[in-house]
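Here's the structure, in structure tokens; my notes come after.
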Protein chains: 2
Amino acid sequence: MATRAGEGDPVRGSGARTARVRSGDDTRVPVPQRLMAAATRLFAEQGYDRTSVQEIVEAAGVTKGALYHYFGSKDDLLHEIYGRLLRLQQERLDLLADRAAPVEERLRQAAADVVVTTIDNLDDAMIFFRSMHQLSPEKQKQVRAERRRYHERFRALIEEGQRSGVFSDATPADLVVDYHFGSVHHLSSWYRPGGRLTPQAVADHLAGLLLRALRP
Amino acid sequence: MATRAGEGDPVRGSGARTARVRSGDDTRVPVPQRLMAAATRLFAEQGYDRTSVQEIVEAAGVTKGALYHYFGSKDDLLHEIYGRLLRLQQERLDLLADRAAPVEERLRQAAADVVVTTIDNLDDAMIFFRSMHQLSPEKQKQVRAERRRYHERFRALIEEGQRSGVFSDATPADLVVDYHFGSVHHLSSWYRPGGRLTPQAVADHLAGLLLRALRP
DNA sequence: GTCGGCAGACTAACCAGTCGGTATGTCGTT
DNA sequence: AACGACATACCGACTGGTTAGTCTGCCGAC
């Protein structure tokens, strides 16, 4: 049921450090992480339902026994991928939002930051918005709760600016949040690494659009 | 291979009009449409891969024989659902964009219109952005081409306004298009019918945000 | 000498699509 | 106005293949 992977910092790898140089394919990176990496790539390429557990373990150079030793289910793997991205973005947002700077600057940086981290983890982001609904209901509920927390922090920034008059309040803050995050989720369906614009350039543009839309 | 359903106006129902008052469940609506309706609901609820052909035919009150009589494959059903929404939206955009009115008015109406028609067909829209990538490669290519045509028409409006100076050209037009359509695709993951805002109110707000972001 | 870490065969379910068959309707011919 | 020939619309059993998850047991480290 519950995942047994990711206890604490995933880099530590806990007891799995014994995974040694095995003849096979990859390297000496611990098995749980090899599994996560393989799953992430395959889920992004083919979708969750179309990726068999067999494919994942083959790509990771292990067998089913190993996968079910570290993860409770295929579902669990998906949940971990979400958690990884969500934790990263939440942490960065908290940092940025607490800074001592004018709201418009904090919002601009926060808005640009999600874009950059989303592009930096495009596979995770793609899996997130395409496959979230195939999680088990309980895990889905949990993910949604975490996502909501993120949105609320973001919304608070907008409301702060609206109260102090630096942002227009023509549009309710929650709608503005959904507007912006819509475009963020959509990134994985049009942004291609190595394209015309760098991640930072895209982020600056999207943050610019948001801020301009909020001008009083 | 090719679908045999929807030859001409779907309401006509062609030879399927012989589908008579059968004992069974539903009504006297033609079989192909019953199948489409059942598939749309089930795909939206459970996802494409998790919906079996057996479930669809049971929900429609027919059998597999009937489904494969009208559709070439399960895949075809999905393709038809996309086609239905795409044709509707393209038609409306063409109409609006050709009107004799200032660009900003035409863009505002077009931007609001996609939102309204997306909300009116929220199941189709959800299926679209969640399951498009499980179509066969050829069908996917076709859908993408049609979608691109839509985006290009929309982008042309923005570029027109940028050239004539009524819109800021701080952000490239194609990015603005992706920004807006991101939020449109995202609608199905947060908008709930019967919520606080009517579809038209949401549409007006989102169009307002777009237009304000484009103010010079 | 035992315990975590893993191998790999096995199970029980499902599922898309096929195919031979039936019932009903249409149409040209006589 | 009766008949045969052909087409459409559908039924439902069947096939070949796939899948998530389980379980027994080996093996090297401490």
Side-chain angles (χ1 to χ4, degrees), chain A residues 1-5 7 13-26 28-35 38-39 42-43 46-58 60-79 131 134-136, chain B residues 1-5 7 12-26 28-35 38-39 42-43 46-79 131 134-136:
Chain A
M1 286 99 196
T3 176
R4 268 157 282 158
E7 344 138 299
S14 68
R17 116 185 61 71
T18 46
R20 54 193 63 273
V21 208
R22 292 172 51 263
S23 62
D25 6 72
D26 291 81
R28 66 203 54 192
V29 23
V31 169
Q33 287 168 57
R34 292 226 301 275
L35 284 165
L42 289 166
F43 289 167
Q46 323 176 333
Y48 176 77
D49 279 328
R50 303 209 167 175
T51 302
S52 70
V53 170
Q54 195 57 43
E55 282 179 284
I56 298 172
V57 298
E58 270 165 25
V62 295
T63 62
K64 282 189 170 193
L67 192 151
Y68 284 98
H69 178 73
Y70 291 108
F71 299 91
S73 61
K74 188 186 173 187
D75 193 63
D76 243 30
L77 222 34
L78 193 55
H79 192 218
S131 311
Q134 9 225 31
L135 269 179
S136 73
Chain B
M1 288 97 202
T3 175
R4 269 159 283 158
E7 345 137 297
R12 247 187 51 244
S14 69
R17 118 184 61 71
T18 47
R20 57 192 64 271
V21 208
R22 291 172 52 260
S23 62
D25 7 71
D26 292 80
R28 65 206 56 191
V29 25
V31 169
Q33 287 168 59
R34 292 224 302 274
L35 284 165
L42 289 166
F43 290 166
Q46 323 177 333
Y48 176 78
D49 278 328
R50 302 208 167 177
T51 301
S52 70
V53 170
Q54 194 57 45
E55 282 178 285
I56 298 172
V57 298
E58 269 165 25
V62 294
T63 62
K64 282 189 172 192
L67 193 152
Y68 284 97
H69 178 73
Y70 290 108
F71 299 92
S73 62
K74 187 186 174 188
D75 192 63
D76 243 31
L77 223 33
L78 192 56
H79 191 218
S131 311
Q134 7 225 32
L135 269 180
S136 72

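We name chains A, B, ... by the order of the sequence lines, and we start the count at 1 in each one.
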*B:Val62 side chain: which of C:dG17, D:dC11, C:dA7 is closest?*
D:dC11
_Earlier contact from the 5' end, DNA chain D, for A:Asp75 and B:Gly65_ = B:Gly65
_Can a donor-acceptor pair be found, under 3.5 Å and without considering hydrogens, that links the side chain of B:Ser131 to the backbone of B:Gln134?_
no
_Regarding C:dG17, can its base be found pairing with the side chain of B:Lys64 as donor and acceptor, where the two atoms are less than 3.5 Å apart?_
yes
*When the distance from CG of B:Leu67 to C1' of C:dT18 is rounded to whole Å, what number comes out?*
13 Å
*Roughly, in whole Å, what's the span from CD in A:Glu58 to P in D:dA20?*
12 Å
*Indicate yes or no: at least one non-hydrogen side-chain atom of A:Ile56 is less than 4.5 angstrom from one of A:Leu35.*
yes
*Please answer whether the main-chain N or O of B:Ser136 pairs with a side-chain N or O of B:Asp75 as donor and acceptor at a distance below 3.5 Å.*
yes
*Contact class for B:Ser52 (heavy atom, under 4.0 Å): base, sugar-phosphate, or nothing?*
sugar-phosphate
*Expressed in angstrom and rounded to an integer, what is the separation of A:Leu35 atom CG from C:dG5 atom P?*
13 Å
*Measure from the side chain of B:Tyr68, starting at C-beta and using heavy atoms only, and say which of C:dA16, D:dT22, C:dG5 lies closest.*
C:dA16
*Could you state the atom-to-atom distance from CD of B:Glu55 to P of C:dC14 in whole Å?*
11 Å
*In whole angstrom, what separates A:Tyr48's OH from D:dT19's P?*
13 Å
*B:Lys74 charged N/C atom sitting above B:Tyr48 aromatic ring, 6.0 Å / 45°*: yes
*Please determine, for the side chain of B:Thr63, which listed nucleotide (D:dG12, C:dA7, D:dT22) has the closest atom?*
D:dG12
